[in-house]
Colleague: 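To start, I am sharing the structure in question, which I have written as structure tokens.
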Amino acid sequence: MTESSYGEGERVFGPPQGTYDGAWVAAAARQLDPGLPAETAALLASEALAHLRAIGSPDLPELARRLLADHPEAGATPANMVARAACEFVAVYAVDLS
């Protein structure tokens with residue numbers, strides 16, 4: 001539903017079902033592409049939720065296109081990696097996009 005964060009020292013095995021966590025999405029994208037700068041991943045991951053809500057479903061190609069259109073300096077590979085991670089996250093954690 002909303003983006004979330006966790007308190008220091010809190011033991012977390014995964015975000016709560018139904019929530020979107022941009023930091024987890026950014027970290028997942030950086031695992032897919034270790035050369036992806038943390039700042040770029042975080043920026044794209046935070047904007048991915050708004051785009052997914054506008055799209056209405058986890059559509060990987062459309063999300064990557066929108067991220068790239070908004071941030072052309074990020075490049076296609078970073079946009080694709082973040083889009084993939086965001087779509088997978090939304091599916092796995094049952095994030096409501098309405």
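Predicted, not measured: the structure shown is a model, and the values here were computed from it. For this chain, numbers begin at 1 and follow the sequence in order.
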Colleague: Can you check whether L60 reaches N80 side chain to side chain, under 4.5 Å on heavy atoms?
Modeller: no
Colleague: Quick one: are the ring centres of Y93 and Y20 less than 6.0 Å apart?
Modeller: no
Colleague: Looking at every heavy atom in both R30 and A41, which two are closest together, and how far apart are they?
Modeller: CG-CB, 3.8 Å
Colleague: Let me confirm one number: the NE2-CG distance from H71 to L43, rounded to the nearest 0.5 Å.
Modeller: 4.5 Å
Colleague: Using side chain to side chain donor-acceptor pair (under 3.5 Å) as the criterion, list what pairs up with E88, not counting sequence neighbours.
Modeller: R84
Colleague: Can you see which heavy atom on T40 is nearest to which on A74, and at what distance?
Modeller: CG2-CB, 3.9 Å
Colleague: Hey, quick one: are V82 and I55 part of the same hydrophobic cluster, counting side-chain heavy atoms closer than 4.5 Å, chains of contacts allowed?
Modeller: yes
Colleague: Ignoring hydrogens, what is the shortest heavy-atom contact between P78 and L36? Give both atom names and the distance.
Modeller: CB-CD1, 3.3 Å
Colleague: Any side-chain heavy atom of L52 sitting closer than 4.5 Å to one from S57?
Modeller: no
Colleague: Would you call C87 and D59 a side-chain contact if the rule is heavy atoms closer than 4.5 Å?
Modeller: no
Colleague: Mind listing the closest non-hydrogen atom pair of A45 and G22 along with its distance?
Modeller: CB-O, 3.4 Å
Colleague: Taking all non-hydrogen atoms of both residues into account, name the closest pair between V90 and P58 and its distance.
Modeller: CG1-CG, 4.4 Å
Colleague: Is L49 reachable from M81 through a run of I, L, V, M, F, W or Y residues, each pair having side-chain heavy atoms under 4.5 Å apart?
Modeller: no
Colleague: Scan the side chains in residues 63-70 for donor-acceptor partners under 3.5 Å anywhere in the protein, sequence neighbours excluded, and list what turns up.
Modeller:
unit_1: R65; atom_1: NE; unit_2: E62; atom_2: OE1; d: 3.1
unit_1: R65; atom_1: NH2; unit_2: E62; atom_2: OE2; d: 2.7
unit_1: R66; atom_1: NE; unit_2: E62; atom_2: OE2; d: 2.6
unit_1: R66; atom_1: NH2; unit_2: E62; atom_2: OE2; d: 3.4
unit_1: D70; atom_1: OD2; unit_2: H51; atom_2: NE2; d: 2.7

Colleague: Is the shortest side-chain heavy-atom distance between P15 and F89 below 4.5 Å?
Modeller: yes
